[in-house]
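Notes for the one structure printed next.
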Number of protein chains: 2
Amino acid sequence: MSGNACVNGGCVLSNKPNISDAEWQVMHVIWERQPVTAQAIIAALDEQVDWSGATIKTMLHRLVKKKVLRYQREGNRYLYRARVERSESLRQESQSFLDRVFGGEAAPLLAHFVQSGDLTEAEIETLRKLLEQAGGDS
Amino acid sequence: MSGNACVNGGCVLSNKPNISDAEWQVMHVIWERQPVTAQAIIAALDEQVDWSGATIKTMLHRLVKKKVLRYQREGNRYLYRARVERSESLRQESQSFLDRVFGGEAAPLLAHFVQSGDLTEAEIETLRKLLEQAGGDS
DNA sequence: TAAATACATTTACGTCTGTAAACGATTGAT
DNA sequence: ATCAATCGTTTACAGACGTAAATGTATTTA
């Protein structure tokens, strides 16, 4: 995914923390249940993916290094918490996706998803209202 | 981005070709102007990014290897063409993004972009119509 | 207190990616 | 025909990622 700038045959992280594919799965669990132990995270993910506990611990470690997570010792184990807000991460990742794949054009992206047909009637209604608000503002 | 499954300490490509961040930039140019030479691609990208020609050639090479591009010799140089349709790539990448970041929920994603406020009045109108169609279908 | 258990930390390894220089082949010009 | 310019191919390298085993450390149990 995005977020790294490279020079001189090497790559460095950009200012914004970038959460990898697999790491997003971990973050979803953490945002939902924080503060949470590695155990609980592993248990929660066990229903969704097929990773060994060691793998998830590696991710936790990397997320801490990236300053996306922080932890608090609690006896033997850690309690993990997010250091970045879910909404902010969504925003950044969405913007990066929009730029990368849709060249920054929000309308085609929206059209794409609206036409994908995954929306329920209620969702459509909600969006209609949101669109009205968006229209009124300008 | 997504698309690789790993086993045994190694990673292998999944069935779907995955286009990296930087590669998307190249692909946008190609979809717009194909068939197109490396020269033209490099020239077009020169206005947008700060990569050396060599870098872009590497990407072209990798995209060919990934079977995202094909080429046709034309004397000394190649004419590059996409082997995958833009719309199909958008679809796949969008789906993967939706799953990864929004847990597969299209409505929150759409709400997010509608509220981002980047839409013009005309775009809002267009989307309103699309929503009506989407609603009528179900 | 010693052994077993449960955690976290370190090490590992192959692939992908960003970035580009070096090298080889082909073509155009003199 | 040879030299220079052009274009594609190979090689390079460091960081990120997916995946996980091995190792070290602290806690619980016998």
Side-chain angles (χ1 to χ4, degrees), chain A residues 1-14 16-27 36-43 45-46 49-80 96 100, chain B residues 1-14 16-27 36-43 45-46 48-66 68-80 96 100:
Chain A
M1 126 200 12
S2 319
N4 44 356
C6 298
V7 280
N8 242 356
C11 309
V12 290
L13 269 172
S14 73
K16 297 299 173 193
N18 50 357
I19 299 169
S20 82
D21 272 31
E23 286 165 357
W24 268 96
Q25 303 250 28
V26 175
M27 288 309 296
V36 60
T37 65
Q39 253 329 297
I41 296 169
I42 291 169
L45 283 171
D46 190 48
V49 294
D50 192 35
W51 298 331
S52 95
T55 297
I56 294 169
K57 286 194 196 167
T58 299
M59 290 179 198
L60 290 174
H61 225 75
R62 288 179 181 166
L63 285 165
V64 168
K65 187 151 58 170
K66 288 183 190 181
K67 297 193 194 298
V68 171
L69 288 185
R70 68 195 165 87
Y71 58 81
Q72 186 180 16
R73 215 189 181 107
E74 196 230 30
N76 192 10
R77 52 177 169 272
Y78 289 178
L79 281 180
Y80 290 93
S96 132
R100 175 164 50 99
Chain B
M1 144 185 7
S2 319
N4 43 356
C6 299
V7 280
N8 242 355
C11 310
V12 291
L13 269 172
S14 73
K16 296 300 172 193
N18 50 357
I19 299 170
S20 82
D21 271 31
E23 287 165 358
W24 268 96
Q25 304 250 27
V26 176
M27 288 309 295
V36 61
T37 65
Q39 252 331 295
I41 296 169
I42 290 169
L45 283 172
D46 189 48
Q48 302 168 41
V49 294
D50 192 36
W51 298 332
S52 95
T55 298
I56 294 169
K57 287 192 196 168
T58 299
M59 289 179 197
L60 290 173
H61 223 74
R62 288 180 180 165
L63 285 165
V64 168
K65 187 151 57 169
K66 288 184 188 180
V68 172
L69 289 184
R70 68 195 166 86
Y71 59 82
Q72 186 178 16
R73 217 194 177 101
E74 196 229 31
N76 192 11
R77 53 177 169 273
Y78 288 177
L79 281 180
Y80 290 93
S96 133
R100 177 164 49 97

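To find a chain, count down the sequence lines: A is the first, B the second, and so on, and within it residues start at 1.
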Problem set entry | Spacing of Asn18(A) atom CG relative to dG18(D) atom C1', expressed in whole Å | 15 Å
Exercise. Between Thr55(A) and dA20(D), is there a side-chain N or O to OP1/OP2 distance below 4.0 Å?
Worked result: yes
Problem set entry | d(CD1, Ile42(B); C1', dT6(D)) in whole Å | 11 Å
Problem set entry | Atom-pair distance (CG on Asp50(B); C1' on dG18(C)), nearest Å | 13 Å
Exercise. Is the closest side-chain heavy-atom distance between Gln25(B) and Met59(B) below 4.5 Å?
Worked result: no
Exercise. If we only count heavy atoms from C-beta on, is the Val68(A) to Arg62(A) side-chain gap below 4.5 Å?
Worked result: no
For this session: With sequence neighbours left out, write down each residue that passes side chain to side chain donor-acceptor pair (under 3.5 Å) with Gln72(B), or none if nothing qualifies.
Result: Arg81(B)
Exercise. So which one's nearest nucleotide on DNA chain D is more toward 5', Trp51(A) or Gly75(A)?
Worked result: Trp51(A)
For this session: Decide yes or no for Gln39(A) and Arg77(A): does some side-chain heavy atom of the first lie under 4.5 Å from some side-chain heavy atom of the second?
Result: no
Problem set entry | d(CG, Leu63(B); P, dT19(C)) in whole Å | 14 Å
Problem set entry | Side-chain-base donor-acceptor pair under 3.5 Å for Arg62(A) and dT19(D) | yes
Expected rows: protein N/O vs nucleotides 5-10 of chain C N/O, under 3.5 Å:
from, atom 1, to, atom 2, distance (Å)
dA8(C), OP1, Tyr78(A), N, 2.8
dA8(C), O3', Tyr78(A), OH, 2.9
dA8(C), N7, Lys57(A), NZ, 3.1
dT9(C), OP1, Tyr78(A), OH, 2.6
dT9(C), OP2, His61(A), ND1, 3.3

Seminar exercise, completed: Here the distance between atom C1' of dG8(D) and atom CZ of Arg70(B), to the nearest Å, is 18 Å
Problem set entry | Gap separating the NZ atom of Lys66(B) from the CG atom of Asn18(B), nearest 0.5 angstrom | 5.0 Å
For this session: Please round to the nearest 0.5 Å and tell me the distance separating atom OH of Tyr80(B) and atom CG of Leu63(B).
Result: 9.5 Å
Exercise. Within less than 4.0 Å of OP1 or OP2 of dT17(C), is there a side-chain N or O belonging to Lys66(B)?
Worked result: yes
Exercise. In whole angstrom, what separates Ile56(B)'s CD1 from dT19(C)'s C1'?
Worked result: 11 Å
Seminar exercise, completed: Here the gap from Ile41(B) atom CD1 to Asp46(B) atom CG, rounded to the nearest 0.5 Å, amounts to 13.5 Å
Seminar exercise, completed: From CG of Asp21(B) across to P of dG15(D) the rounded distance in Å is 19 Å
Problem set entry | Length of the CH2-C1' vector between Trp24(B) and dT17(C), whole Å | 16 Å
